[in-house]
Amino acid sequence: MTEHWWQAAVIYQIYPRSFQDTNADGIGDLAGIERRLDYLAGLGVDAIWISPIYPSPMADFGYDVADYCGIDPRFGTLADFDRLLGAAHARGLKVLLDLVPNHTSDRHPWFVESRASRDSPKRNWYLWRDPAPGGGPPNNWISDFAGPAWEWDEPTGQYYYHAFLREQPDLNWRNPAVRAAMYDVLRFWFDRGVDGFRIDVLWHMIKAADFPDNPPNPAYQPAMADMYRVIQQYSADQPEVHEIAAEMRAIADSYGTEGRGERVLIGEIYLPVERLMHYYGRERAGVHLPFNFQLIEAPWRARALAWLIAEYETALPAGGWPNWVLGNHDRPRIASRCGQAQARVAAMLLLTLRGTPTLYYGDELGLGDVEITATDVQDPRELREPGLGFGRDPVRTPMPWDDSPNAGFSAARPWLPLNPDWRSRNVAAMAADPQSILALHRRLLAVRRAHPALSVGDFVLLDAEVDVLAYERRRGVERLIVALNLGGRPQRLELPRWAGGYRPLLSTAADPARIADGAVALAADEGVILAAG
Ligand code: NOJ
Ligand code: CA
């Protein structure tokens, strides 16, 4: 049908600490994911991406890796992982891991050795610099988690660079030995049968060789995160980063470039569209899917969405496959950004745009951001810049499975509080309600699977007026129309005049839109998929 499995696939992101606990420590684990595979297969997704599960001091909840080829005991063992992988594959589900190559934990043996002395054979595996001529940090670079990005190491009299926490020193990707070591990590997991990787902060991996100061950001205001005081002109998105993407791609491709065995690479990149496109590669192929986060930041208005979809589709390079993301473990949840009614419309948008969608766990339940009291805060991001709203705990709360104690997530107190409405907003309750947002997701995923025009067909914008966003998806003779009412008032949309008329395939509303006189009447907050003929 399509050339590559990952083009028609829907990816589901699992934050493993919060999915399912099986050993009563309040933290989700691999056995828990395995236990819930039937739920995922039944939901109708094709692949899971699991946020980091490697041994880690958990300063940044797994994004500080102390051993790239192991499993943190909190999550299980390598044997548990192999069993999960086998069980997922047996259900036709692909498994993607999270690769964190930009930085390690400060407890990783590589860093421990690097830090031991200036003559350490691993000194040059990280970014060590002398103080600035007048003393102090080598330049003005700021950590994404606030404060100077340089940490003073008294015993060896140098600073090391960390784009995130001081417990996450950045690797020196200009060093071929670092590259070789990390490429062995890719092979280690590919050899075990892993279907691909989401690559953490790919655009950060190479810094300008001579570490010049970043320019000040004229748009900075005190309400913004500290990192926005400068523009990351020299600390990220350097031209040489594309070499790394190409080298990783070559490794993935060495495992096959077509069929079910193909391995996929997804790059985490927060950049404007025209910069993002470079990550598909130019002379040499880059990652298969540079994450497209535009919907995460978009104002929820028809014209704005139409504009960003058009901008993105137009910018795609030849052969570049689109992808869409509504939420992840770092950003506010869609239900909190646009409300429960629009979360249903957003689901229809995500699952009917051209390209590969990524669905964040819990969004299929309409889970909202959960308020976290000061004593419950876990996220180092929040602890470093408290009260500004950058904390990520609210979007990482446990998956509510049923109305048993702790929502069936754990026999013990969960590491983060549950959503306050968990007694009704849980998988069991919503599975039993045909009007629930969970049931809607199941229907959307089934319709998408049955109508490849929705995943891989051409995209044609029809209308973006007032509150209605409408587009056509076309593949061969099949033509589908998606009409989304982004507002709280009924709307009418004139339909293109094709022979044979239209029939509704799916609506987000209980009482579906009516088609009459060549137009469709959309209820408030209603999205609808229509088939022509
Ligand atoms: C991006 C990840 O998504 C985020 O959760 C993490 O804190 C940073 N990278 C650092 O690894
Ligand atoms: Ca556990």
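Just follow the structure's listing: the first ligand is 1, and inside any ligand the first atom is 1.
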Distance flag, aromatic centroids of W141 and F211, threshold under 6.0 Å
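Yes, they do, as the ring centres are separated by less than 6.0 Å.
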Could you tell me whether D98 and R198 have a side-chain N and a carboxylate O separated by less than 4.0 Å?
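Salt bridge between D98 and R198, a charged N being under 4.0 Å from a carboxylate O: yes.
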Does this structure show an ion pair linking R392 with D60, if we count only N-O contacts that are shorter than 4.0 Å?
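Salt bridge between R392 and D60, a charged N being under 4.0 Å from a carboxylate O: yes.
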Residue-level breakdown please: for [X] versus ligand 1, do any non-hydrogen atoms fall below 4.0 Å on the side chain, on the backbone, on both, or on neither?
X: R396; result: side chain
X: R381; result: neither
X: F145; result: side chain

Do [X] and [Y] have side-chain atoms, one donor and one acceptor, less than 3.5 Å apart?
X: Q7; Y: S455; value: no
X: E297; Y: Y270; value: no
X: Q378; Y: W415; value: no
X: W321; Y: T356; value: yes
X: D376; Y: T373; value: yes
X: Y12; Y: D363; value: no
X: T104; Y: Y68; value: no

Applying ring-ring contact (aromatic ring centres under 6.0 Å, His included), name anything that partners W125, two or more places apart in sequence or on another chain.
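W125: ring-ring contact (aromatic ring centres under 6.0 Å, His included) contacts with W110.
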Should you measure from each heavy atom of [X], which atoms of ligand 1 turn up under 4.0 Å away?
X: D330; value: 1 (C), 2 (C), 3 (O), 4 (C), 5 (O)
X: R198; value: 2 (C), 3 (O)
X: H329; value: 2 (C), 3 (O), 4 (C), 5 (O)
X: H103; value: 10 (C), 11 (O)
X: R392; value: 4 (C), 5 (O), 6 (C), 7 (O)
X: V201; value: 1 (C), 9 (N)

Tell me: protein heavy atom nearest atom 6 (C) of ligand 1, and distance?
D60 OD2, 3.3 Å
For atom 9 (N) of ligand 1, what's the nearest protein heavy atom and its distance?
D200 OD1, 2.9 Å
Protein N, O or S atoms lying under 3.0 Å from the Ca ion (ligand 2), listed by chain and number
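D21 OD1, N23 OD1, D25 OD1, I27 O, D29 OD2, with waters left out.
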